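Only one structure is covered here, and it is reproduced in the block below.
A quick note: this is a predicted structure, and the numbers were derived from the prediction, not measured. Heavy-atom basis, side chains included; hydrogens, waters and symmetry copies ignored.
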Amino acid sequence: MRTGMRWLLRIMVLLVALAAGGTFIPRPLIVPVKASSTEATQRILLLSGPIHTDIAIPIDEETRAAFSFLNDTGFPLGHPNAEWLVVGWGGRAFYLETPTWAELKPMPVLRALTIDRSVLHVDLAGHITEPQPAVTAFDISDDQLVRLRHFMVDSFARDAGEIVPIPDAGYGEIDRFFEAKGYFNALFGCNTWTAAALRSAGLRTGLWNPLPQSLRLSVGVYN
């Protein structure tokens, strides 16, 4: 019994150390010094929930052009009231089958804790009030936003060059799910994808951010 308790304590200490290191060790460790030729005129948002994060980018002509392939799937990218394109990545079973906590089922949880295929969730938002606890804003340059758009676009899985929508999958009338690149697991899941997306835009995150709380904390410290 004592041996088992000692091993449990060691595992807990290791997990705490990994979480702390993942939060407070920055990635990239050293920021290269570059002369910025453009001003930070673009605003992006990190949207946080209890276990999941999304990224919202402003809908303008460049965003509509970069994501024009969504129009072929019936996604209303040109909606007149849309101000933000909201994109998140996650495990297929949990994402599709758990629109609310009341609909939580054992099998999606098991898949999330092991390994699962990934999907992208794409949605639109109108005005998003700032500040609020669930919203973290960053001002970036046009070039940085271009790189972020490219990261998001490149996350879509494609079949014969075309993105793959998931039929009859969505939480509302306008959001859509699509097949995505990569596999999901509890250690490298939705929040590590969000962190990678932010790094593609030149922002710094923690070394490993599996939870929204650690991601928010690390981006607040290093940006």
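Here the side chain of Asn223 pairs no donor or acceptor atom with the backbone of Gly220 at under 3.5 angstrom. A donor-acceptor contact shorter than 3.5 Å is absent between the side chain of Asn209 and the backbone of Leu211. At distances below 3.5 Å, not a single donor-acceptor pair connects side-chain atoms of Gln144 with backbone N or O atoms of Ala40.
Considering only heavy atoms from C-beta on, Arg158 stays 4.5 Å or farther from Glu179 through its side chain. No side-chain heavy atom of Trp89 sits under 4.5 Å from any side-chain heavy atom of Asn191. Tyr222 has its side chain out of reach of Thr205: every pair of non-hydrogen atoms, C-beta onward, lies at least 4.5 Å apart. Residues Leu45 and Trp84 have side chains in contact (heavy-atom distance under 4.5 Å, counting atoms from C-beta outward). A heavy-atom distance below 4.5 Å is found between the side chains of Ile44 and Leu145. Between Val122 and Leu70 there is a side-chain heavy-atom pair separated by less than 4.5 Å. Between His79 and Ile59, the closest side-chain pair of non-hydrogen atoms is not below 4.5 Å.
The hydrophobic cluster containing Val135 does not contain Val87, counting ILVMFWY residues as joined when their side-chain heavy atoms lie under 4.5 angstrom apart, directly or transitively. In the hydrophobic clustering of this structure, Leu124 groups with Leu148; members are Ile, Leu, Val, Met, Phe, Trp, Tyr whose side-chain heavy atoms approach within less than 4.5 Å, directly or through other members. Linking ILVMFWY residues whenever their side-chain heavy atoms come closer than 4.5 Å, directly or via other members, leaves Val146 and Phe67 in distinct clusters. A continuous path of hydrophobic side-chain contacts links Leu85 to Phe69 [ILVMFWY only; heavy atoms under 4.5 Å]. Linking ILVMFWY residues whenever their side-chain heavy atoms come closer than 4.5 Å, directly or via other members, places Leu215 and Met152 in the same cluster.
When each of Thr53, Val86, Thr194, Ile55 is paired with Leu47, the side chain to side chain contact (heavy atoms under 4.5 Å, CB included) condition holds for Val86 and for no other.
With sequence neighbours excluded, the residues forming a ring-ring contact (aromatic ring centres under 6.0 Å, His included) with Phe177 are Tyr95, His121, Tyr171, listed by chain and number. For the salt bridge (Lys or Arg N to Asp or Glu O under 4.0 Å) test, no residue two or more places apart in sequence or in another chain qualifies with Arg147. Phe178 meets the ring-ring contact (aromatic ring centres under 6.0 Å, His included) test with Phe156; sequence neighbours excluded.
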**Prompt:** What's the verdict on side chain to side chain donor-acceptor pair (under 3.5 Å) for Asp139 and Gln42, showing C-alpha distance, side-chain angles and the deciding distance?
**Reply:** CA-CA 5 Å; Asp139 292 321; Gln42 300 287 352; over 6 Å; no

**Request:** Please lay out, stage by stage, how Phe151 and Trp193 fare under the test ring pair (Phe, Tyr, Trp, His ring centres under 6.0 Å).
**Result:** CA-CA 10 Å; Phe151 180 94; Trp193 178 89; 5.6 Å; yes

**Request:** Take Thr136 and Arg216 through the side chain to side chain donor-acceptor pair (under 3.5 Å) test and state the conclusion after the steps.
**Result:** CA-CA 8 Å; Thr136 306; Arg216 288 201 310 269; 5.2 Å; no

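By the neighbour-count criterion of 12 heavy atoms within 6.0 Å, atom CG of Asp168 is sparsely surrounded, having that number or fewer from other residues, nucleotides or ligands. No more than 12 heavy atoms of other residues, nucleotides or ligands shown are found within 6.0 angstrom of CD on Glu61. At most 12 heavy atoms of other shown residues, nucleotides or ligands fall within 6.0 angstrom of atom CG in Asp159.
Remark: Asp60 engages Arg149 in a salt bridge, criterion side-chain N to carboxylate O under 4.0 Å. Between Lys181 and Asp154 there is a salt bridge, with a side-chain nitrogen of the basic residue lying less than 4.0 Å from a carboxylate oxygen of the acidic one.
Closest non-hydrogen pair, Ala186 versus Pro210, comes out as O-CB, 4.3 Å. Shown here for Ala137 and Arg43, the closest heavy-atom pair between the two residues is CB-NH2, 3.2 Å. Closest non-hydrogen pair, Asp116 versus Ala93, comes out as OD2-N, 2.7 Å. Counting all heavy atoms, side chain and backbone alike, Phe184 lies closest to Gly189 at CE1-CA, 3.4 Å. Here the shortest heavy-atom pairing between Ser48 and Pro212 reads CB-CB, 4.4 Å. Nearest heavy atoms, Cys190 versus Ile51: SG-O, 3.7 Å.
Here the OG1 atom belonging to Thr73 is positioned 11.5 Å from the CD1 atom belonging to Ile166, to the nearest 0.5 angstrom.
A cation-pi arrangement is not found for Arg92 relative to Tyr183, the charged atom failing to lie both closer than 6.0 Å to the ring centre and inside a 45° cone about the ring normal.
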